[in-house]
Amino acid sequence: MLNRRHIRIKVMQTIYAMHQSGSDDLTKQEKFLKASLDNILDLYLILLSALIELRKKEAQYLEVAKNKHLATPEERNPNTRFIDNPILLALEHHATLAQALEYHRILNWQHNDDTIVYLLQDIKASALYQKYMAKPSVTFEEERFFVVDLFSTLIAPNEKLYAYLEDFKLTWVDDIPVVNTLIQKQLRHFEAEAFQVPRVFKDTEDADFAVDLLRKTLLNEKELQKEFEDKTPNWDMERIAELDTIMLKMAICEFLKFPSIPVKVTINEYLELAKEYSTPKSSLFINGILDSLVKTYQTQGRLNKSGRGLL
């Protein structure tokens, strides 16, 4: 589920939070980082289960309307295309997904029914839903494309849903786009037999990378800062954005203490993070410092990278 850029973001945010709190408890920060990373799977399950709960809620509404004392002909014989959608039904009855929801105790929509009600109202008022329901017949591909569009255009960008998720866990703000993209990809290629709940990390190497990068950066912060202090003659260290100094320390840590990560990869990753999370001039500043350091390290023979083409 997570690529290394997102892992770097989580490490950067953990170090920043540690600085803001004034804490020096490394064990506590490692636990915070691991929890922040592991909780992304909960976010995935909550968002995916919203599709299941929307189908269930509409089925309940139709059943109540059908059993009214003065039910209309339309209420007695409702259009059930939405609740019969094969993708939604397959998700609801998927054994592995059901096990994951139970294991992670994903009960958000049972405890916060209002969000599902609001979502369903918005969906039923949409042109997408009305066009889908009005079709004389639909193919399986059309059923699948409807669910993809439903999630992409109505659920993922829904402000009420976003506000709920942000209030529930603030660390999810940067995770929502990653998870939304994954779910859209899974729905676009959905086949019940092939569907799997993803793992947080691609492999154990990525999981170890997250903790190692945090630990090695924090344990060597003073030494890492000294590496670039003399490279900033026109900058007052106290006026450099704190996120910039954190990103520089992390990048230098990768240069010197992660022999399997190519130098170009490290530079490109932190330039992208600077563009997204720091000041407008940060990427130019960081690029200048890192480029200068690489030349120095190459001259000094300090870039001990293993494998070909890693410089």
Task: Reference residue Ser36; test side-chain hydrogen bond (donor to acceptor under 3.5 Å, both in side chains); the match among Lys31, Gln13, Lys10 - done: Lys10

Open item on the list: Can you confirm whether Tyr162 sits close enough to Val173 that some side-chain heavy atom of one is under 4.5 Å from a side-chain heavy atom of the other?
Closed with: yes

- [ ] Measure the spacing between CG of Leu290 and CE of Met247 and express it to the nearest 0.5 Å.
- [x] 10.0 Å

Open item on the list: Under a 3.5 Å distance rule, please check whether Arg8 uses its side chain to pair with a backbone N or O of Leu273 as donor and acceptor.
Closed with: no

- [ ] Examine Phe209 together with Phe201 and report whether their ring centres are nearer than 6.0 Å.
- [x] no

Open item on the list: Run the side-chain hydrogen bond (donor to acceptor under 3.5 Å, both in side chains) test on His6 and Asp175 for me, step by step, so that the C-alpha distance in whole Å, both residues' side-chain angles and the decisive distance to 0.1 Å come before the verdict.
Closed with: CA-CA 8 Å; His6 204 73; Asp175 304 331; 2.6 Å; yes

TODO: Could you check if a side-chain atom of Leu303 sits within less than 4.5 angstrom of a side-chain atom of Val294, using non-hydrogen atoms only?
DONE: yes

Task: Pairs touching residues 143-153 that satisfy salt bridge (charged side-chain N to carboxylate O under 4.0 Å, His left out), sequence neighbours left out - done: Glu141-Arg144

- [ ] Might you confirm whether atom CZ of Arg5 has over 12 heavy atoms from other residues, nucleotides or ligands at distances under 6.0 Å?
- [x] yes

Task: Whether over 12 other heavy atoms sit under 6.0 Å from Glu74 CD - done: no

- [ ] Looking only at non-hydrogen atoms, find the nearest pair between Lys216 and Leu224 and report the distance.
- [x] O-CD1, 4.3 Å

Task: Asn158 vs Tyr118 side-chain heavy atoms within contact, under 4.5 Å - done: no

Open item on the list: Can you give me the closest heavy-atom contact between Met133 and Arg81, atom names plus distance?
Closed with: O-NH1, 3.6 Å

Task: Lys169 side chain reached by Leu165 side chain, heavy atoms, under 4.5 Å - done: no

Task: Pairwise side-chain contact, Leu97 with Leu45, heavy-atom cut-off 4.5 Å (strictly under) - done: yes

TODO: Decide whether Val64 and Phe82 are clustered together by the hydrophobic rule: side chain heavy atoms of Ile, Leu, Val, Met, Phe, Trp, Tyr closer than 4.5 Å, transitively.
DONE: no

Open item on the list: Tell me whether Phe228 shares a hydrophobic cluster with Leu256, the cluster being built from Ile, Leu, Val, Met, Phe, Trp, Tyr side chains joined at under 4.5 Å.
Closed with: yes

- [ ] Evaluate the salt bridge (charged side-chain N to carboxylate O under 4.0 Å, His left out) criterion for residues Lys226 and Glu229: first the C-alpha distance (whole Å), next the side-chain angles of each, then the deciding distance (0.1 Å), finally the verdict.
- [x] CA-CA 5 Å; Lys226 289 178 183 177; Glu229 279 182 335; over 6 Å; no

Open item on the list: Between Lys160 and Asp122, does any NZ, NE, NH1 or NH2 come within less than 4.0 Å of an OD or OE carboxylate oxygen?
Closed with: yes

- [ ] State, to 0.1 Å, how close Pro198 and Leu182 come at their nearest heavy-atom pair, and which atoms those are.
- [x] CG-CD2, 3.6 Å

Open item on the list: Over 60° means perpendicular and under 30° means parallel, so tell me whether Phe146 and Tyr129 are parallel, tilted or perpendicular.
Closed with: tilted

Open item on the list: Tell me whether Glu191 at atom CD has more than 12 heavy atoms from other residues, nucleotides or ligands lying less than 6.0 Å away.
Closed with: no

TODO: For Leu47 and Phe151, work out which heavy atoms get closest and say how close.
DONE: O-CE1, 4.1 Å

TODO: Let me see the working for Arg4 and Glu205 under salt bridge (charged side-chain N to carboxylate O under 4.0 Å, His left out), right down to the final yes or no.
DONE: CA-CA 10 Å; Arg4 289 221 169 175; Glu205 189 175 332; 3.6 Å; yes

TODO: Please indicate whether Lys202 has more than 12 foreign heavy atoms, meaning atoms of other residues, nucleotides or ligands, lying under 6.0 Å from its NZ.
DONE: no

Task: CD/Glu102: more than 12 non-hydrogen atoms of other groups inside 6.0 Å - done: no

Task: Contact check, side chains of Phe255 and Ile261, non-hydrogen atoms, under 4.5 Å - done: no

Task: Lys68/Glu75 ion pair, N-O < 4.0 Å - done: yes

Open item on the list: Is it the case that the side chains of Asn180 and Gln184 hold a donor-acceptor pair, with the cut-off being a distance below 3.5 Å and no angle test?
Closed with: no

Open item on the list: With a 6.0 Å cut-off (strictly less than), is the heavy-atom count around CZ of Phe140, excluding the residue itself, greater than 12?
Closed with: yes

TODO: For residues Asp25 and Phe32, determine if any side-chain heavy atom of one lies less than 4.5 Å from a side-chain heavy atom of the other.
DONE: no

Open item on the list: Hydrophobic cluster membership, with links at side-chain heavy-atom distances under 4.5 Å among I/L/V/M/F/W/Y: are Leu48 and Leu89 in one?
Closed with: no

Task: Heavy-atom side-chain proximity of Leu54 to Ile155 below 4.5 angstrom - done: yes

Open item on the list: With rounding to the nearest 0.5 angstrom, report the CG to CG distance, Leu187 to Leu91.
Closed with: 6.5 Å

- [ ] Work out which heavy atom in Ala71 is nearest to a heavy atom in Ala65; give both atom names and the distance.
- [x] CB-O, 3.4 Å

- [ ] Could you tell me which non-hydrogen atom of Lys124 sits nearest to which non-hydrogen atom of Gln130, and how far apart they are?
- [x] O-NE2, 3.3 Å

